[in-house]
Amino acid sequence: MTVAPLRIGNASGFYGDRFDAMREMLTGGPLDVLTGDYLAELTMLILGRDRLKNPSGGYARTFLGQLEECLGLAHERGVRIVANAGGLNPAGLADAVRQLADRLGIPVRVAHVEGDDLTAGHPRSIAAHAYLGGAGIAACLREGADIVVTGRVTDAALVTGPAVAHFGWAPDAYDRLAGAVVAGHVLECGTQATGGNYAFFTDHDPARLRHPGFPLAELHEDGTSVITKHDGTGGLVDIGTVTAQLLYETSGARYAGPDVTARLDSVRLTQEAPDRVRISGVRGEAPPPTLKVGLNRLGGYRNEVVFVLTGLDIEAKAALVRDQMEAALDSVKSRPAEVRWDLARTDHPDAPTEETASALLRLVVRDRDQDAVGRTLSGAAIELALASYPGFHVIAPPGKGSPYGVFEDVYVPQGAVEHVAVLHDGRRVPVAPATDTLALEPAPEPALPEPLSPGPTRRAPLGVVAGARSGDKGGNANVGVWVRSDDAWRWLVHQLTADRFQNLITESCHLKVVRHTLPNLRALNFVVEGILGEGVASQHRFDPQAKALGEWLRSRHLDIPEALL
């Protein structure tokens, strides 16, 4: 007997996403399950600091606010809700949801998943959490839960869990599970799948992108899916928007998780109809024997001051104030352990406004001692107010310094984690770890197509022919680059090598850059190791999450065949 497709929607891509999205998704059209992704590496640190102040906290409080408005709607429409908003305290959030439901007089069964918290075994960390799979979520739903809240699970687990519960897939149904993982990865960041943050946004009516609707997946028993959105909502769903999200925060062809390793090089996308993209052909393999554990800890204190340099002699002004500040910092006992200077030439010659005539010189300092980045820095900078370059001023005076976080990941055996589904009636159901596992190996590089025939070229930005999306994974960044025609692919795959990438993205020239090739998507994925230092919370660079690294790459000029322009 054929099982009906499962319609899974998303209403949150991060903690702080559009508050009204839950109502929009519940009222916009039919759904079976509504998911919400509230967690990221930085969010876990924020929630960890919240829990230090209030041991009963540590979860995403906006989720409760959304439920207060929408719990009745979900109950009336028979929509089940699955969210990782539990953060560091899923049991506490489950209790809070029950109290809310009792107050509203709405009979719902609330369950939660726990076992990801390994902080006790990592005493230097504020938060140490394993990325669990979807099996705990599936156990809760099979036992009748209307709402399931979790702590740290993989983003795709919010989809694999409901899919396993609905279709009854066995743990070794790897192709089907991999199809659900790919659908979950497309949904996890909300409107990034429906035209948000999209490289080719200028190809579309701005009014259409002003308020993009959130995505949903029609998931089928065989693991195939259709990515779409509610009728009448803004945004768009096409092969480009889905490709962009598939490349986001991934690395090689093997996309590993606790449930399955999905082969991204097997994914096939088809534009089935307007705002409907079919995902098929996904192949899966046994998951790796280990689970990723994200460790968040305080790294020390950070401070910065931004000097404004206006008009003529920008380089000389920067050199003068830098020499003065370095001498002042050298003269004190508590010189900051790390001192970094960056000059951004935002100035223009003969500028019509003072702001466009100005460059910015940023000084960032770090140390484990707050005084070393606070009073030491502020004293040195302020004392130069009347004794430095002409036109001296700063964006804002430096403060006392603020704590910054450090992220790293480690791995533990799957069996080292006590994954438990805590049901609405209080029963605790242990979730067995995967027994059939496969150590993760790089996928073999595919054969490349024949190069494009030689012809006249023109110097132009890469982004004229290629889209990109970039993001962070700990201290690394990934940049996914794709094109929209076979001829463009034949050119891109031979021209944009790892060496060429490093020449274009000069910040990466002394770092390790690995290129992964995904012919089915006409895409290349570059992983730049260490460009983000110790993770987003350490604020290592100007763009600490590498969100715009891909757009920088698209702005760089290459000799592009005129046939592609």
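For clarity, every value in this text was computed on a predicted model and none was experimentally measured.
A salt bridge between E41 and K473 is absent, with no side-chain N of the basic residue lying under 4.0 Å from a carboxylate O of the acidic one. Classification of D95 and R98 as a salt-bridged pair holds, one side-chain N sitting under 4.0 Å from a carboxylate O. With respect to the salt-bridge test (charged N to carboxylate O, under 4.0 angstrom), the residues R522 and D486 qualify. Under a 4.0 Å N-O distance rule, the pair D425/R427 qualifies as a salt bridge. A salt bridge between E441 and R254 is absent, with no side-chain N of the basic residue lying under 4.0 Å from a carboxylate O of the acidic one. D146 and R80 are not joined by a salt bridge, as no carboxylate oxygen comes within less than 4.0 angstrom of a charged side-chain nitrogen. Here R276 pairs with E218 in a salt bridge; the nearest charged N to carboxylate O distance falls below 4.0 Å. A salt bridge is defined here as a Lys NZ or Arg NE, NH1 or NH2 lying under 4.0 Å from an Asp or Glu carboxylate O, and D175 with R263 fails to meet this definition.
Heavy atoms only, all atoms of each residue included: L177 and V164 are closest at CD2-CG2, 3.6 Å. When all heavy atoms are compared, the tightest approach of Q271 to V237 is NE2-O, 3.3 Å. When every heavy atom of R541 is checked against every heavy atom of I531, the shortest pair comes out as CD-O, 3.5 Å.
With a 6.0 Å radius and a threshold of 12 heavy atoms from other residues, nucleotides or ligands, E418 has its CD atom at or below the threshold.
In this structure, CG in L71 is found 4.0 Å from CD1 in I106, a value given to the nearest 0.5 Å. Here OG1 of T35 is found 10.0 Å from CZ of F214. Values are rounded to the nearest 0.5 Å. Taken from CG in L247 to NE2 in H516, the straight-line distance is 11.5 Å, to the nearest 0.5 Å.
Proximity of the aromatic rings of Y38 and F14 is defined here by a centroid distance below 6.0 angstrom, and this criterion is not met.
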Would you check, one step at a time, whether the test side chain to side chain contact (heavy atoms under 4.5 Å, CB included) holds for E114 with R428? CA-CA 10 Å; E114 59 185 41; R428 299 176 62 84; 2.6 Å; yes
Take F526 and V481 through the side chain to side chain contact (heavy atoms under 4.5 Å, CB included) test and state the conclusion after the steps. CA-CA 8 Å; F526 295 88; V481 185; 4.3 Å; yes
Would L219 and F167 count as a side chain to side chain contact (heavy atoms under 4.5 Å, CB included) here? Give the steps. CA-CA 10 Å; L219 193 60; F167 295 117; 4.2 Å; yes
Worked verdict on V277 versus E272 for side chain to side chain contact (heavy atoms under 4.5 Å, CB included): CA-CA 6 Å; V277 172; E272 184 179 82; over 6 Å; no
E249 vs R469, test: salt bridge (Lys or Arg N to Asp or Glu O under 4.0 Å). Steps then yes/no. CA-CA 9 Å; E249 294 183 346; R469 179 164 287 166; over 6 Å; no
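Formation of a donor-acceptor pair under 3.5 Å by the R7 side chain with backbone atoms of P30 is found in this model. Between the side chain of T194 and the backbone N or O of P215, no donor-acceptor pair lies under 3.5 Å. Between the side chain of H424 and the backbone N or O of A111, no donor-acceptor pair lies under 3.5 Å. For H166 (side chain) and E221 (main-chain N/O), no donor-acceptor pair under 3.5 Å exists by modelled atom type. In terms of modelled atom types and a separation under 3.5 Å, the side chain of R515 and the main chain of L496 share a donor-acceptor contact.
For the residue pair N197/Q192, the side-chain donor-acceptor check at 3.5 Å is satisfied. Using modelled atom types and a 3.5 Å distance limit, the side chains of N525 and T250 yield a donor-acceptor pair. Side-chain polar atoms of D259 and T160 form a donor-acceptor pair below 3.5 angstrom. Residues D436 and Y174 bring a donor and an acceptor atom of their side chains to less than 3.5 Å of each other.
Both tests pass for K292 against the ring of Y131: distance under 6.0 Å to the centre and angle within 45° of the axis. For the pair R61 and Y59, the cation-pi test (distance below 6.0 Å, angle within 45°) is passed.
Remark: of the listed residues I227, V242, N520, V242 is the sole one forming a side-chain contact (heavy atoms from CB on, under 4.5 Å) with L269.
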